[in-house]
Amino acid sequence: MEIYSKYSEKYFILDFDHLFVSTTICDEAIIFGGKQSSSLVNETKKILLSEYSINLNENQNLSEYSGGQRVIISLIFYMLVFKVKMIKPPQLLLINIIESLSEENHKAILNTYEDNKIDISYHLLDSNNYLIKTPHV
Amino acid sequence: MFEISVGNYSSNKTGIDYSIAQSIKPLSNHHIWFIEGENGVGKTSFIEDVLIEYFKENTFPYFLIGQDFYIQSIALKSSLAVISSSDCQYNDINLVMHVARGIKAGSIAILDEFDKRCTKENLIKLLQHENFSHAFIVSHNNAWLKASVTEYFKSASVLMIEKYSSIKNCTINETRIF
């Protein structure tokens, strides 16, 4: 939680231990997408199926997906939140996110962001919780 | 010495069927397996529903550090708070090392992506704990680890989990690396 108080004002934090605030993607979309929640869910499902072979069931408990799949779902979902809501993408701070992805899916995520013209730099923490990298996506 | 035979195994939780092509057994008194495969292929289910079920049924001691260690750590810290009068302010690795000191000698370590929660040095230190005999590791970044464990572990292999025919059918093939 120390990390959150230190970095949450400047960064959008995606943490493997706290990926979603809701149980299902439907509820998550209502919180983050408001009136656009349906299109947010549909677009998320479309990308996940076509590019990651993940068949996202909108009413399935997100904890039932594998750790890596949960990470991919969150990365795509929040990317689309910025896009659908036309919010300038914030800087991302990824905690145990990249480490949860296979090399193939890591590359695929970078490509998906590029294809969607979402220009985001992401940051990682070292073992002492200092920011160490800012690769450009 | 344990041996998981060639055959078909199922995960009741995820419905994945695993076909094990070669029996899984240690080739020395300190053997390490690297479990590899794409995201969602069923690595964690294999650990929980095949490996651990086997160890439970055959009473082999094991020590699992799960992928959702955040939840596990809360339970461990709570237990320690009850049994210990000291103020327990453990970080992840110290907590695991502390618990490892109290487990049965000869336990099989199973670490599901724990490498992302500690330094490389501490992970090696943990794997070399005197109470561990063998180890199963899941990691997406284990090239360095494969090169670092040759002094302590006498033998090592990769267990590659791959889908075939459908999303719910997997094969597990073992390749010895040293």
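From a predicted model like this one, the values you see are computed outputs, not experimental measurements. Sequence lines set the chain letters: A, B, ... in the order given, protein chains first and strands last, and positions in each chain run from 1.
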With chain A, the option among B/Asp68, B/Val41, B/Asn122, B/Asn141 that has the most non-hydrogen atom pairs under 4.5 Å is B/Asp68

Side-chain heavy atoms under 4.5 angstrom apart, residues restricted to Ile, Leu, Val, Met, Phe, Trp, Tyr: same cluster for B/Ile137 and B/Val50?
-> no

A/Tyr113 reachable from A/Leu19 in the ILVMFWY side-chain graph, under 4.5 Å edges = yes

Should we count NZ of B/Lys154 as having more than 12 external heavy atoms under 6.0 Å?
-> yes

Go through the steps for B/Asp115 and A/Glu99 under the test side chain to side chain contact (heavy atoms under 4.5 Å, CB included), then give the verdict.
-> CA-CA 9 Å; B/Asp115 57 318; A/Glu99 298 86 341; 5.9 Å; no

What parts of residues 59-69 of chain A touch chain B if we use heavy atoms and a cut-off under 4.5 Å?
-> A/Ser66, A/Gly67, A/Gly68, A/Gln69

Interatomic spacing from CD in B/Gln67 to CG in A/Asn96 - rounded to 0.5 Å | 10.5 Å

Verify the cluster assignment for B/Leu27 and B/Ile177: are they in a single hydrophobic cluster under the rule of side-chain heavy atoms below 4.5 Å apart?
-> no

Tell me, yes or no, whether the heavy-atom count around B/Met1 atom CE, taken from other residues, nucleotides or ligands under 6.0 Å, exceeds 12.
-> yes

B/Val149, B/Leu111: one ILVMFWY side-chain cluster at the under-4.5 Å cut-off?
-> yes

B/Glu3 CD: over 12 foreign heavy atoms closer than 6.0 Å | yes

OG on A/Ser53 to NZ on B/Lys163, rounded to 0.5 Å = 6.5 Å

Common cluster, B/Phe34/B/Ile20, ILVMFWY with side-chain heavy-atom separation under 4.5 Å | no

Which atoms form the tightest heavy-atom contact between B/Arg117 and A/Phe16, and what is the distance?
-> NH2-CD2, 3.7 Å

Over 12 non-hydrogen atoms of neighbours within 6.0 angstrom of NZ in A/Lys10 = no

Walk me through it: do B/His140 and A/Leu101 pass the test side chain to side chain contact (heavy atoms under 4.5 Å, CB included)?
-> CA-CA 7 Å; B/His140 288 291; A/Leu101 295 173; 5.9 Å; no

